[in-house]
Amino acid sequence: MPELPEVENYARDLKPLLVGRRIEAVDVHWPRAVANLSVEEFRRGLLGRQIVNTDRRGKYLLFPLDNRWTLVLHLRMTGKLRLAPANAEPDSDPYTRVVLRLSGGQVLLFRDQRKFGRFYLVEDPAQVLKGLGPEPLQDSFTPLDLFHAVQGRRAAIKALLLDQHIVAGVGNIYADEALFLAGIDPRRPGASLTLADCSRLHTCLRQVLAEAIREGGSTLGGSSLGNYQRPLGIPGRYQLRHRVYGRAGQPCPSCGTPIQRVKVAQRSTHFCPRCQLSGPVASDGSPR
DNA sequence: ATAAGGCCCTGACCGC
DNA sequence: TGCGGTCAGGGCCTTA
């Protein structure tokens, strides 16, 4: 499940591979993978265009084009990008939804088993990105911003971290990891967090995201399902560093207490009941 | 404005 | 072996 660190790695890895290439053909095998245009408009808008950069905002990948339009992609749950030589054996993957044939003999394959991923081709990326909260790794994002964003909110802090209006790019894995490092119970209402709590959370969130980017992101599971891989097929390594995510029943790395798994805002949530001291429990997150 | 629930999707997994 | 049910989950939409 690509979150900010995985998408950031995509943008970085793809930059030297894509910048300067021209889009020579567009094959859409699953029309609904194109969110804002008809397949024909999408194809016409891309044909002959040159990719001039690769970037990221939240969990969105951005590919600015030479006519100032931007190809935007959200991978959602199971979307993956893969760059391959065009002359390799034909792509037999049944989950390939979109193929961009590029100058220089490469093809960019968008594969997505659950069909949640979406492309947008827009004149102004703000059409898609409006409403996204601050980038958590930018200096302009301060502990006070986080404090103000959760002030007065009854929802669990975990749910608020997942809300892209509050901070952009945080998903289930990194929300759990950041809350663990900060020693905050994920079920606590946002309103119960003090400025000191928010300061710690702000620091820990940035630490977790920066570490995960350095480690190439998280690649989960051995199955073919959602595991993220980088564009050349290299897996991430951050899953080896997860402290709580996916570790229900295993000892807390800090105190040895078994990690608990509960539901918060319909999301599976992992935490240490001892290190993440239960403040007041959110109305929507009582332990079962 | 906020919160909660449904929807989209498919494959893995479980129990019988 | 085979079947049906449940789960996973990001973002968007609808409903209270």
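Below, chains carry the letters A, B, ... as their sequence lines are ordered, and counting in each starts from 1.
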Ionic contact status for A/Arg118 with A/Asp112, cut-off 4.0 Å: no

In terms of ring plane angle, is the pair A/Tyr60 and A/His74 parallel, tilted or perpendicular, where the classes change at 30° and 60°? perpendicular

Taking NZ, NE, NH1 and NH2 as the nitrogens, is one of them in A/Arg111 or A/Asp93 under 4.0 Å from a carboxylate oxygen of the other? yes

Give the minimum heavy-atom separation between A/Pro186 and A/Val264, together with the two atoms involved. O-CG1, 4.2 Å

Reading nucleotides 9-16 of chain C from 5' to 3' and marking B where a protein heavy atom lies under 4.0 Å of the base, S where only the sugar-phosphate is that close, and - otherwise, the string is BBSS----

Contact under 4.0 Å: A/Tyr95 side-chain N or O vs B/dG11 OP1/OP2: yes

Between A/Arg153 (CZ) and B/dA3 (C1'), how many Å, whole number? 8 Å

Rounded to the nearest angstrom, tell me the gap between atom CD1 in A/Ile157 and atom C1' in B/dT2. 15 Å

Can you tell me how far P of B/dA4 sits from CG of A/Leu160, to the nearest Å? 10 Å

Expected list for residues 268-275 of chain A: side-chain donor-acceptor pairs under 3.5 angstrom, two or more places apart:
from	atom 1	to	atom 2	distance (Å)
A/Thr269	OG1	A/Lys158	NZ	2.8
A/Thr269	OG1	A/Arg267	O	3.0
A/His270	ND1	A/Asp176	OD2	2.8
A/His270	NE2	A/Gly246	N	3.4

Under 4.0 Å between a side-chain N or O of A/Lys115 and OP1 or OP2 of B/dC8? no

To 10°, what angle do the rotation axes through the five end pairs on each side of the helix from B/dT2-C/dA16 to B/dC16-C/dG2 form? 50°

Residue pair A/Tyr238 / A/Glu211: nearest heavy atoms and the distance that separates them: OH-OE1, 3.1 Å

Note: A/Arg241-A/Glu215 ion pair, threshold 4.0 Å (strictly below): yes

Thinking salt bridges, do A/Arg43 and A/Glu40 make one under a 4.0 Å N-O criterion? yes

